[in-house]
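A short write-up of the structure that comes next.
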Amino acid sequence: MRPRRATREVTEAIEGYRFNDAANAIYRFVWNVYCDWYVELAKPVLMGEEGAAKAETRAMTAWARDEILKLLHPFMPFITEELWAVTAKRDGLLVLAEWPRKASAVTEEQIASMALAGPGDPLIAPVMAALDAGDFSDPAPRPKSAGWSISSPPSALCARK
């Protein structure tokens, strides 16, 4: 789903030397998907009683965090390396970890089969459909007004009097 799309977008942007696009893609994924949706939906399970659901949610949250750290590492090497070292027992450094695989898009059939995996939960299908609809891009940024404007041409501003 979204982690695959984020991985694909970040990887393709880095391979194309579009580092700003790669940084924007991982930023949007972390804030718009992981923090806004996944962490918020996982909180009630993580705050609840011990059990299989809590253990699975904890493992999935840790997996997603690790994938995020891998994708962020080219942009924030020191902090991601430190977080990698302190969040779990590791065999090596993050810089030596395998880069997340660039996956193809999730098909409608895969979404349907994942929704069928939890038929007792009425939130799975709508949440999965909402998370996979479109991309996780923010609307185009709008320029912010500085509150003033210059009406003289640039050459007139630089000319000495």
Side-chain angles (χ1 to χ4, degrees), residues 1-16 18-141:
M1 280 181 19
R2 298 255 177 181
R4 294 183 200 187
R5 184 177 296 151
T7 298
R8 186 175 66 246
E9 285 189 16
V10 171
T11 303
E12 288 173 358
I14 288 174
E15 288 171 349
R18 296 184 328 271
F19 302 112
N20 61 321
D21 292 340
N24 284 332
I26 187 60
Y27 174 85
R28 287 189 315 268
F29 171 74
V30 170
W31 284 110
N32 296 353
V33 177
Y34 185 73
C35 293
D36 283 354
W37 282 97
Y38 189 76
V39 171
E40 292 302 320
L41 291 173
K43 280 181 184 178
V45 177
L46 294 173
M47 300 298 285
E49 297 178 17
E50 291 295 327
K54 187 172 185 175
E56 183 178 344
T57 302
R58 189 179 292 135
M60 189 62 185
T61 303
W63 173 84
R65 178 207 57 223
D66 289 350
E67 295 301 295
I68 288 169
L69 290 175
K70 291 175 187 178
L71 292 172
L72 279 172
H73 191 68
F75 309 101
M76 305 170 67
F78 300 109
I79 187 111
T80 54
E81 198 69 63
E82 181 66 21
L83 290 170
W84 182 262
V86 300
T87 55
K89 292 185 181 187
R90 313 285 184 171
D91 292 333
L93 298 172
L94 175 57
V95 71
L96 301 175
E98 184 178 337
W99 184 256
R101 284 183 255 160
K102 183 172 66 172
S104 59
V106 177
T107 65
E108 295 295 326
E109 294 81 27
Q110 290 171 321
I111 292 172
S113 68
M114 286 186 268
L116 291 174
D121 190 344
L123 292 177
I124 289 181
V127 167
M128 288 179 60
L131 288 177
D132 203 54
D135 63 9
F136 50 84
S137 301
D138 287 333

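We number each residue from 1, following the sequence as shown. Just so you know, these numbers come straight off a predicted model, no measurement behind them.
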* How far apart are the closest heavy atoms of T61 and A42, and which atoms are they? -> OG1-CB, 4.4 Å
* Reference residue T11; test side-chain contact (heavy atoms from CB on, under 4.5 Å); the match among E15, E9, R8 -> E15
* Inspect the surroundings of CD in E40 and state if more than 12 heavy atoms from other residues, nucleotides or ligands are less than 6.0 Å away. => yes
* **Charged N-O contact under 4.0 Å between E50 and R58** => yes
* Structure fact -> L46 and K54 have their tightest heavy-atom pair at O-CE, 2.9 Å
* What do the steps show when you test I79 against E82 for side-chain contact (heavy atoms from CB on, under 4.5 Å), and what is the final call? -> CA-CA 5 Å; I79 187 111; E82 181 66 21; 5.5 Å; no
* To do: Answer yes or no: does atom CG of L93 have more than 12 heavy-atom neighbours from other residues, nucleotides or ligands under 6.0 Å?
  => yes
* Asked: Checking side-chain contact (heavy atoms from CB on, under 4.5 Å) for the pair R65/Y34: CA distance, chi angles, key distance, verdict?
  -> CA-CA 9 Å; R65 178 207 57 223; Y34 185 73; 4.0 Å; yes
* What closest approach, in Å, do L69 and L94 show between heavy atoms, and which atom pair accounts for it? -> O-CD2, 3.7 Å
* Asked: Does the pair R18/E12 count as a salt bridge with the N-to-O cut at 4.0 Å?
  -> no
* Pairing of R28 and D36 as salt bridge, 4.0 angstrom limit -> no
* Asked: Any side-chain heavy atom of V33 sitting closer than 4.5 Å to one from Y38?
  -> no
* Asked: Quick one: NZ on K70 to CD on E98, what's the gap to the nearest 0.5 Å?
  -> 6.5 Å
* Asked: Does the side chain of L83 come within less than 4.5 Å of F78's, by heavy atoms?
  -> no
* **T7 vs F29, side-chain contact (heavy atoms from CB on, under 4.5 Å): CA-CA, chis, key distance, verdict** => CA-CA 9 Å; T7 298; F29 171 74; over 6 Å; no
* Between W99 and P74, is any pair of side-chain heavy atoms under 4.5 Å apart? -> yes
* Search all heavy atoms of V10 against all heavy atoms of A22 and return the closest pair with its distance. => CG2-O, 3.7 Å
* Asked: Which pair of non-hydrogen atoms, one from F75 and one from A23, has the smallest distance, and what is that distance?
  -> CZ-N, 3.7 Å
* To do: Compare every heavy atom of W84 with every heavy atom of T87, then report the nearest pair and how far apart it is.
  => OG1-O, 3.7 Å
